[in-house]
2 protein chains.
Amino acid sequence: MTRSTPRPRNAAATRQAILDSAVVAFTRHGYDGVGVREIAAEAGVTAMLVNRYFGSKEGLFTEVVDVSFAPATMVPADPAALAEQTARALVERTGPQADHLGPFELMLKSAANPRAAEIIRAGIQKHVGARFAAALTGPQAGERAELGLALLAGTWLMRRLIGTPGLRDADPESLVARVTRMLAVVVEPPSR
Amino acid sequence: MTRSTPRPRNAAATRQAILDSAVVAFTRHGYDGVGVREIAAEAGVTAMLVNRYFGSKEGLFTEVVDVSFAPATMVPADPAALAEQTARALVERTGPQADHLGPFELMLKSAANPRAAEIIRAGIQKHVGARFAAALTGPQAGERAELGLALLAGTWLMRRLIGTPGLRDADPESLVARVTRMLAVVVEPPSR
DNA sequence: CGACGAAGTTATCACCTGTAGACTTGTCGG
DNA sequence: CCGACAAGTCTACAGGTGATAACTTCGTCG
């Protein structure tokens with residue numbers, strides 16, 4: 001009943017291997033910075049399989065964005081400590097070692113290409129935006145949520161991609177405290 | 001004595017034309033998104049001249065970053081109104097029409113390439129960092145300045161490059177007010 | 001006025017890009 | 001046991017990449 005050999009010649013497993021390889025490659029080097037041959041080689045297959053399973057490089061990227069933005073992207077549940085927890089997670093994941101390879105890196109590395117940017121926008125709207133906005137109460141939740149995302153993305157950019165010294169060498173606790181205060185502006189509902 | 005004909009065959013003028021073309025092209029499409037042929041064609045010369053005058057594409061990019069970050073990059077003088085003025089300038093320049101093509105766009109579009117990112121980091125340290133930090137008083141001026149830059153860059157990214165709807169369709173005045181409050185966290189010296 | 005040097009061009013190299021068609025090989029149902 | 005169908009590969013194309021060497025044209029100064 002249960003096949004002794006899991007799959008004929010590894011149909012879905014190969015597809016998954018390509019997707020995994022693509023997640024890493026696109027996040028590391030951006031949409032334009034990596035070729036399908038490179039992705040396929042890392043997965044142990046030839047470049048043709050990419051087009052076979054995902055239609056095109058763009059189709060593969062679409063799926064990469066989808067799976068990369070799907071998991072709970074540093075959005076804690078409790079609204080009260082949301083700012084502080086988010087700030088701490090950000091600082092930790094953008095630290096000196098930091099091999100995390102999250103969706104922020106994928107977004108920043110691929111934003112240069114307009115087609116990729118459009119795909120990312122769709123992914124954000126589908127996954128992150130809604131979830132983040134749901135954690136926020138009060139008016140203009142969308143604007144406030146995306147402004148928070150902007151701070152996170154910008155900090156990720158300066159601290160990790162560009163490597164600005166003031167942020168790279170900053171005391172983590174001081175950084176957490178300051179980011180928390182900035183996030184508080186958009187997290188707390190405009191109680192006025 | 002003063003030569004009637006300014007220069008033999010347009011020596012420096014051609015160089016400047018290439019540089020101008022490169023500023024526009026690199027800012028629009030990023031370091032990896034444009035080729036030297038395209039830049040040279042826009043300047044009305046052949047690709048060879050780029051290598052002749054700037055050594056390589058990387059050398060040209062270095063000079064582009066230098067001239068692009070050199071002008072007063074939205075850093076007002078008065079520290080009191082600094083947050084509000086900066087926020088207003090940001091919102092205006094990332095608006096729907098917005099053909100400004102500033103250094104932020106250059107940075108965001110080219111950050112994917114590590115070599116380009118390194119060049120940008122040097123440019124920021126040379127021009128923006130020092131000037132911005134000088135406008136801030138108190139301890140951790142560098143960290144606070146770059147955190148402000150991070151917010152500006154992140155907002156530019158989400159609002160203009162990605163095009164997230166919550167920020168694109170936000171009321172400008174509301175956005176200015178909120179960014180001002182976030183910037184205030186890093187602008188006001190830690191009076192504690 | 002004539003030649004030397006700078007300014008600019010043409011041709012080309014070696015390599016990489018995404019995609020397509022035709023081919024081979026493995027595996028499972030009958 | 002074998003044929004059929006899917007999984008995977010090979011070859012190739014048409015175009016683009018940055019960079020180099022050799023060549024032609026123009027301007028100026030002795």
Side-chain angles (χ1 to χ4, degrees), chain A residues 1-22 25-26 28-64 109-110 112-116 118-119, chain B residues 1-22 25-26 28-64 109-110 112-116 118-119:
Chain A
M1 295 108 192
T2 64
R3 281 110 175 153
S4 51
T5 49
R7 249 164 229 100
R9 206 151 131 188
N10 252 14
T14 299
R15 203 192 123 101
Q16 188 62 40
I18 295 175
L19 189 58
D20 291 346
S21 166
F26 279 141
R28 281 235 175 89
H29 310 110
Y31 182 80
D32 289 326
V34 71
V36 290
R37 283 170 176 79
E38 203 174 332
I39 294 173
E42 187 66 29
V45 297
T46 42
M48 264 313 297
L49 275 270
V50 171
N51 274 14
R52 190 191 254 297
Y53 284 128
F54 299 92
S56 65
K57 186 187 183 184
E58 201 171 308
L60 174 61
F61 184 74
T62 304
E63 207 142 330
V64 165
K109 285 269 178 70
S110 300
N113 187 304
R115 318 262 293 179
E118 168 64 23
I119 294 170
Chain B
M1 293 149 176
T2 64
R3 281 111 170 138
S4 52
T5 49
R7 246 165 234 97
R9 203 155 135 191
N10 249 14
T14 299
R15 202 193 123 101
Q16 187 63 37
I18 295 175
L19 189 57
D20 291 345
S21 166
F26 279 141
R28 281 236 175 88
H29 309 110
Y31 182 80
D32 288 326
V34 72
V36 291
R37 285 170 177 79
E38 203 174 332
I39 294 173
E42 188 66 29
V45 297
T46 40
M48 261 311 297
L49 276 270
V50 171
N51 274 16
R52 192 191 252 298
Y53 284 129
F54 299 92
S56 66
K57 185 187 183 184
E58 201 171 308
L60 174 61
F61 184 74
T62 304
E63 207 143 329
V64 165
K109 284 269 179 69
S110 301
N113 188 305
R115 317 263 292 179
E118 169 62 24
I119 295 171

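Order of the sequence lines sets the chain letters (A, B, ...), proteins ahead of strands, with each chain counted from 1.
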Nearest-Å distance, [atom1] ([X]) to [atom2] ([N])?
X      : N      : atom1 : atom2 : result
B:R52  : D:dA22 : CZ    : C1'   : 12 Å
B:F54  : C:dA7  : CZ    : P     : 13 Å
A:L60  : C:dT19 : CG    : P     : 10 Å
B:I39  : D:dA19 : CD1   : P     : 11 Å
A:N113 : C:dT17 : CG    : P     : 15 Å

May I have the step-by-step check of side-chain contact (heavy atoms from CB on, under 4.5 Å) for B:T14 and B:Y53, ending in yes or no? CA-CA 9 Å; B:T14 299; B:Y53 284 129; 4.1 Å; yes

Canonical and wobble pairing (Watson-Crick, G-U, under 3.5 Å) of DNA chain C, dot-bracket with |: ||||||||||||||||||||||||||||||

Counting only side-chain nitrogens and oxygens, does A:T14 get under 4.0 Å of the OP1 or OP2 atom of D:dG8? yes

What is the minimum heavy-atom distance between [X] and [Y], and which atoms define it?
X      : Y      : answer
B:I39  : B:S21  : O-OG, 2.8 Å
A:S56  : A:N51  : CA-OD1, 3.7 Å
A:K109 : B:A112 : O-CB, 3.0 Å

If you look only at pairs with a residue in residues 55-64 of chain A, which of them pass as a salt bridge (Lys or Arg N to Asp or Glu O under 4.0 Å), with sequence neighbours excluded? A:R15-A:E63, A:E58-A:R115

With a 4.5 Å heavy-atom cut-off, do B:F61 and B:S110 have their side chains touching? yes

pair A:L60-A:F26: side-chain heavy atoms closer than 4.5 Å: yes

Identify all pairs in which a protein N or O lies below 3.5 Å from an N or O of nucleotides 14-17 of chain D, and state each distance.
none

To the closest 0.5 Å, what do you measure between CD1 (B:I18) and CD (B:Q16)? 10.0 Å

At what distance, to the nearest 0.5 angstrom, does CG of A:L49 lie from CZ of A:F54?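 Result: 10.0 Å between the selected atoms.
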
I'd like to check the side chain to side chain donor-acceptor pair (under 3.5 Å) partners of B:D32; sequence neighbours left out, ordered by chain and number.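 Expected list: B:N113.
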
My understanding is that only residues two or more places apart in sequence, or in another chain, count here; which of them pass salt bridge (charged side-chain N to carboxylate O under 4.0 Å, His left out) with B:E118?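 Counting only residues at least two positions away or on another chain, B:E118 forms a salt bridge (charged side-chain N to carboxylate O under 4.0 Å, His left out) with B:R121.
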
Stretch residues 43-51 of chain B: residues that reach within less than 4.0 Å of DNA chain D through a heavy atom: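 Those residues whose heavy atoms fall under 4.0 Å from DNA chain D, taken from residues 43-51 of chain B in numerical order, are B:M48, B:N51.
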
